[in-house]
Amino acid sequence: MHTNYYFLRQLAPALTERLRGYRVAVCFTQEKDELVIGLTDGGKEFWLKAQLGATFPALALPETFQRARANSVDLFPDLLGERVESVAAWPQDRVLQVNFRSGARLVFKLYGPRPNAIFRTTPDAAAQLFQQKLVADAELKPQPPAPSTKSDQSDQSDQSEKSAESVVQTPVKLPPPLADLPLRYLRDQGYDQAPPEARPRLVNQVLAQLEKPAHFYFVQLDGRTRLSLLPLGDILETLPGDDPIAALRRFVPMALGRRALEMETKQLRQLLERRADEASTAAAHARQRLYALAHEAGYRHTADLIMAHLHEIPARAEQIEVLDFYTNLPRVIKLKPNEKPQLTAENLYRKGKNQQIEERQLIERIARREADALTALERLEELDTQPPLAELRGLRAWRKLHGLNPAPIAAKAATELPFKVFEDRGFTILVGRNAVNNDLLTQKYAHKDDLWLHAKDVTGSHVVIRHRAGQPVPEPVIEHAAQLAGWYSRRQHDTLCPVTVTPKKFVRKPKGALPGQVLVERERVVLVKPGNPFERE
């Protein structure tokens, strides 16, 4: 709420009292999205630093400020020498306006996604914009300054009462100044469950607290440090409600200091939640496939029936009905008329062997992925319960300990390498684009300790998992790379694809071989479903 109307209406008169008669001495910028204004009354100085970035717009009021010798640019030269007359908050808006005695106006628009500063030498003069890309802000007209009199104060009181009355008349849809924190506070006070006749009273109570806050609260809510005029969430600090300048001076450095911690904690939480979800989904899919294999007649089963009834199968038969001695029920077996039944049975026995391998791999995959999901959930619990993780240094050490450092940006690597580039758990996966590109990847770019993958017995892309010293490649990374090898091959549309996996040092290219052709030794084979597991990301 540090940019909310109800806080700005407390801040404006405090700044008026403090700055009336002060003269603008300097106006410059030395960092992106930052406008610094230094004021003085001849003896004392006052600094106003407007942070006008979309991520965290704020008015900081540092007690002292040292201007850098380099990378500092003067702005709004017509503002220099202007004397402050008053500071006002626009009604029902997130805008603060500084009025100068000459008639010049400086407006701070503190909208979250597009903050800006607009200066005019006179109310009708052309606008000078800090964020010049926001050209529509040139149409914002400054408000006429209101005299600070008793009648004016009563008018403001009447306006507040009218605002309260409008809220009472439409209690379901609250006005913009009541959005976010005050609305959540209302709901915590039972607004949604209250009978219709009690809701106006609850709204008026909150409006009264916002009009004259007893305290300013620094709270943590939804993983963010906020300034609130109402007690909400985890209260980190409480300051008296009669000094908004002191509250702002304390809050902005605290929020900026905690911002890195909050952003990295949020990223870690999203990463762990995604890992837990992906691992649980993969385990569920593997379990479904294992169940299907266990409850359908296997290839070996069918081959046994063909061989047992071989003498009954007529030449060029397309199908045969036999008694299944496993279930004691009749069963129809489809045959290929141009293929001998013995060859059909031989092919089925080979598929049955692959099916046994698949079942074993599925069991291993289920155990591995369930363990991955459990580990991710345990890390999430640690993130919420371990006190050292409430500090940035402790969080980064914990993240490094568990291998949760942010992965390099794949797009950057893609601009440096002539291959398809993917990132998985910190490992880089490279995929060749064609036969010549495959040779370039395997012969020039791949290191002897990198893992090399290729769809077995068909043409396709070479896939390389870059080696990381002291870190074995996790099985989920190998599985994802194998899916890519199947996807970028002739087996793209197969239900299952056998993929060769071996260290690159066991891959060699014989003399006279065509582009992309290699010889492989000491391979192991994994069965995967072809696909691109990174499409969603």
Side-chain angles (χ1 to χ4, degrees), residues 281-371 453-460 475-476 478-487 489-502 506 519-531 533:
T281 302
H285 289 168
R287 199 177 292 108
Q288 290 174 1
R289 176 61 181 164
L290 187 63
Y291 179 86
L293 291 176
H295 290 78
E296 67 182 19
Y299 295 117
R300 190 177 189 85
H301 179 171
T302 304
D304 287 343
L305 292 177
I306 291 175
M307 295 305 294
H309 297 84
L310 191 60
H311 63 286
E312 302 175 12
I313 302 175
R316 305 182 67 81
E318 295 185 359
Q319 65 180 31
I320 181 175
E321 183 174 349
V322 299
L323 181 65
D324 190 337
F325 46 75
Y326 287 103
T327 62
N328 204 29
L329 295 172
R331 181 179 167 198
V332 175
I333 299 175
K334 292 184 178 180
L335 300 171
K336 296 181 180 179
N338 297 325
E339 186 176 83
K340 291 183 178 181
Q342 295 93 327
L343 182 57
T344 300
E346 182 182 342
N347 292 333
L348 290 173
Y349 278 127
R350 187 178 68 254
K351 289 183 178 181
K353 184 178 179 181
N354 288 340
Q355 192 175 59
Q356 290 177 343
I357 297 173
E358 181 186 2
E359 289 175 352
R360 185 170 65 252
Q361 291 181 350
L362 285 171
I363 293 171
E364 294 173 355
R365 187 180 305 167
I366 290 169
R368 185 174 65 250
R369 301 303 273 159
E370 286 180 342
L453 301 91
H454 193 280
K456 191 170 177 62
D457 299 331
V458 294
T459 58
E475 283 299 320
I478 296 176
E479 182 182 325
H480 289 164
Q483 286 182 281
L484 289 172
W487 183 249
S489 77
R490 287 287 183 89
R491 295 186 184 271
Q492 183 182 74
H493 302 294
D494 288 4
T495 303
L496 285 173
C497 173
V499 176
T500 295
V501 182
T502 188
F506 298 127
L519 291 178
V520 181
E521 302 171 356
R522 302 190 189 183
E523 64 180 318
R524 71 180 175 103
V525 177
V526 296
L527 284 171
V528 295
K529 182 179 180 180

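What's counted below: heavy atoms across the whole structure, side chains too, no hydrogens, waters or symmetry copies.
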*Looking at Val520 and Thr500, what are the two nearest heavy atoms and their distance?*
CG1-CG2, 4.0 Å
*Going by heavy atoms in the side chains, are Thr302 and Arg331 under 4.5 Å from each other?*
yes
*Apply the test side-chain contact (heavy atoms from CB on, under 4.5 Å) to residues Glu523 and Lys456: give CA-CA distance (whole Å), side-chain angles for both, the deciding distance (0.1 Å), then the verdict.*
CA-CA 10 Å; Glu523 64 180 318; Lys456 191 170 177 62; 3.4 Å; yes
*asked:* I need the single residue from Arg524, Arg365, Arg369 that forms a salt bridge (Lys or Arg N to Asp or Glu O under 4.0 Å) with Glu475. Which is it?
replied: Arg524
*Rounded distance (nearest 0.5 Å) linking atom OG1 of Thr344 with atom CD of Glu339*: 3.5 Å
*Closest non-hydrogen atom pair between Thr495 and Pro530, with its separation*: O-CD, 3.9 Å
*asked:* With rounding to the nearest 0.5 angstrom, report the CG to CD1 distance, Leu453 to Ile478.
replied: 7.5 Å
*asked:* Donor-acceptor check, side chain of Ser489 to backbone of His454, threshold 3.5 angstrom: yes or no?
replied: no
*First locate atom CE of Met307, then atom CG of Leu305, and finally report the distance between them rounded to the nearest 0.5 Å.*
11.5 Å
_Arg491 side chain near Pro498 side chain, heavy-atom distance below 4.5 Å_ = yes
*So do Ile306 and Leu335 actually touch side chain to side chain, heavy atoms under 4.5 Å?*
yes
*Reported CH2-to-NZ distance for the pair Trp487 and Lys529, which is rounded to 0.5 angstrom*: 10.0 Å
*Backbone N or O of Leu527 within a donor-acceptor pair of the Gln361 side chain at under 3.5 Å?*
yes
*State, to 0.1 Å, how close Leu496 and Arg289 come at their nearest heavy-atom pair, and which atoms those are.*
CD1-NH2, 3.9 Å
_Tell me the closest heavy-atom pair linking Ala455 and Cys497, and the distance in Å._
CB-SG, 3.9 Å
*asked:* Taking Ile333's backbone N and O only, do any of them form a donor-acceptor pair with Gln319's side chain (distance below 3.5 Å, no angle check)?
replied: no
*Can you check whether Glu479 reaches Val526 side chain to side chain, under 4.5 Å on heavy atoms?*
no
*Provide the closest heavy-atom pair for Leu484 versus Pro533 in the form atom of the first, atom of the second, distance.*
CD2-CD, 4.1 Å
*asked:* Show the nearest heavy-atom pair for residues Arg522 and Thr502, with the distance to one decimal.
replied: O-OG1, 3.3 Å
